[in-house]
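Order of the sequence lines sets the chain letters (A, B, ...), proteins ahead of strands, with each chain counted from 1.
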There are 2 protein chains.
Amino acid sequence: MDGRFNLDNQLCFRLYTASRLITQSYHPFLAEFGLTYPQYLVLLVLWEKDEQPVNDIAKRLMLETNTVTPLLKRMETEGILTRSKGKKDARQMIVTLTKKGCTLKEELLHVPEAVGSAVLCESLTPERVPELFAMLDGLIGQLKENQSNP
Amino acid sequence: MDGRFNLDNQLCFRLYTASRLITQSYHPFLAEFGLTYPQYLVLLVLWEKDEQPVNDIAKRLMLETNTVTPLLKRMETEGILTRSKGKKDARQMIVTLTKKGCTLKEELLHVPEAVGSAVLCESLTPERVPELFAMLDGLIGQLKENQSNP
DNA sequence: TATATTTGCATCGTGAACGATATAAATGAC
DNA sequence: GTCATTTATATCGTTCACGATGCAAATATA
């Protein structure tokens, strides 16, 4: 019984659970505006810089276009953004926020803080958040590197 | 521009990405045996203790039964486990590993180490893994507590 | 300038997640 | 014992993720 299969020794299970639970904690705030968490992520990207091709959005979120395309289509149906063929490069689809998409930024202003403060506890104090960020960034970078070098 | 919406300041996005990427890194090892990562998690639970009702498995994985039931059905179809009505309580479905399900434990013995070593880097050394575990456990505990106290 | 390759996006199929809802068995109240 | 409530699981619909594949526009090569 060397415990290597024990769920409590698994980093991946912790990340999987933490990710699910924190995403769930966004739900009440986002559902109010008919948004899902991945859709909120797309908004974060576009609020940062509007009028981006699908590929840039996908790269920023580290997702594939086959995940992002249907997501964007649903958001287009909701009137949050528009998709139009690129003029320089006709293969590209340029994604642009509508007025509704821009307005959501104002309406969701309080969300990051509300969710952020809800996760803090004695094991995860504000001072330790940068450590957590650094470790997760290291892990993400390492995994990205591994998948580039097969 | 207070950056509260900046993707790089978001804990949730980091967890979401880290979870996806590390799950992906399990894929080559599990696909060889026709398994998905959530199915692997079910196996971890059952290898720990066989013959559990659906609810116990769901609780251990912090998932709802409406997620776990279809997962178990697919695994039953694959011949990895069986589901049978509980004798004491006819509402319960007791999940039991088949010989194939037990054998997989031997065949996957090297997986935890292989994936584990692939994520280590200078920001995430073996000595710092316990810190990461503690922070994630704190976060998970906090979020579980929040959803109990509405 | 033909042709080959790459790039950007989309389509398809499968398997999770999860909110909402349903059903049957067990338990509790009276 | 009868009826209400709770519990254990399942069903349904929607939205991701993602591997595999397709297609057309752009670019590189001959």
Worksheet item: Is it true that a side-chain atom of A:Thr98 and a backbone atom of A:Ile80 form a donor plus acceptor pair closer than 3.5 Å?
Response: yes
Worksheet entry | Whole angstrom value for the distance that separates P of C:dG15 from CG of B:Leu63 | 17 Å
Worksheet, complete the sentence: Assign each of B:Lys87 and A:Val68 the nucleotide of DNA chain C bearing its closest heavy atom; nearer the 5' end lies the nucleotide of A:Val68
Fill in: Separation of atom CZ in A:Arg74 from atom P in C:dA10, rounded to whole Å
13 Å
Practice prompt. Measure from the side chain of A:Tyr16, starting at C-beta and using heavy atoms only, and say which of D:dG19, D:dC16, C:dA17 lies closest.
Written response: C:dA17
Worksheet entry | Nearest-angstrom distance from the residue atom CD of A:Gln24 to P of C:dA17 | 11 Å
Give the table of side-chain donor-acceptor pairs shorter than 3.5 Å for residues 33-41 of chain A, with sequence neighbours excluded, one pair per line with atom names and distance.
unit_1, atom_1, unit_2, atom_2, d
A:Thr36, OG1, A:Gln39, N, 3.3
A:Tyr37, OH, B:Phe13, N, 3.3
A:Gln39, OE1, A:Thr36, N, 3.3

Worksheet item: How close or far is atom C1' of C:dC12 from atom NZ of A:Lys73, stated in whole angstroms?
Response: 12 Å
Item to complete: Consider the side chain of A:Pro38, meaning its heavy atoms from C-beta on, and name the nucleotide among D:dC18, D:dC16, C:dA17 that approaches it most closely.
Response: D:dC16
Response to the item:
Whichever of A:Lys85 and A:Glu64 has the more 5' nearest nucleotide on DNA chain D, that residue is A:Glu64
Item to complete: Take the protein atom CG of A:Leu72 and the nucleotide atom C1' of D:dC16, then report the distance between them rounded to whole Å.
Response: 13 Å
Response to the item:
Here the side-chain hydrogen bond (donor to acceptor under 3.5 Å, both in side chains) pairs for residues 41-56 of chain A, sequence neighbours left out, are A:Glu48-A:Arg60
Practice prompt. Decide whether A:Val111 and A:Leu104 are clustered together by the hydrophobic rule: side chain heavy atoms of Ile, Leu, Val, Met, Phe, Trp, Tyr closer than 4.5 Å, transitively.
Written response: yes
Discussion item. If you only use heavy atoms from C-beta on, which nucleotide in D:dT11, C:dG15, C:dC12 is closest to the side chain of A:Asn66?
Written reply: C:dC12
Worksheet item: Within the distance-only criterion (no hydrogens, no angle test), does the side chain of A:Ser25 pair as donor or acceptor with the backbone N or O of A:Val115 below 3.5 angstrom?
Response: no
Are any protein N/O atoms closer than 3.5 Å to N/O atoms in nucleotides 7-9 of chain C? If there are, list each pair with its distance.
unit_1, atom_1, unit_2, atom_2, d
C:dT7, O2, A:Arg91, NH1, 2.8
C:dG8, OP2, A:Asn55, ND2, 3.2
C:dC9, OP1, A:Val54, N, 3.3
C:dC9, OP1, A:Met93, N, 2.9
C:dC9, OP2, A:Asn55, N, 2.6

Fill in: A:Ile94-A:Leu81 co-clustered via ILVMFWY side chain contacts under 4.5 Å
no
Worksheet item: Considering residues, nucleotides and ligands other than B:Glu64, do more than 12 of their heavy atoms fall under 6.0 Å from its CD?
Response: no
Worksheet item: D:dA17 P sits how many Å from B:Leu30 CG, rounded?
Response: 19 Å
Worksheet item: Given D:dT15, is OP1 or OP2 found less than 4.0 Å from the side-chain N or O atoms of A:Gln39?
Response: no
Worksheet item: Atom CD1 of B:Ile80 and atom P of C:dG15: how far apart are they, to the nearest Å?
Response: 12 Å
Worksheet item: B:Thr67 near the nucleic acid: base, sugar-phosphate alone, or nothing, with a heavy-atom cut-off under 4.0 Å?
Response: base
Worksheet item: C:dA16 P sits how many Å from B:Glu78 CD, rounded?
Response: 10 Å
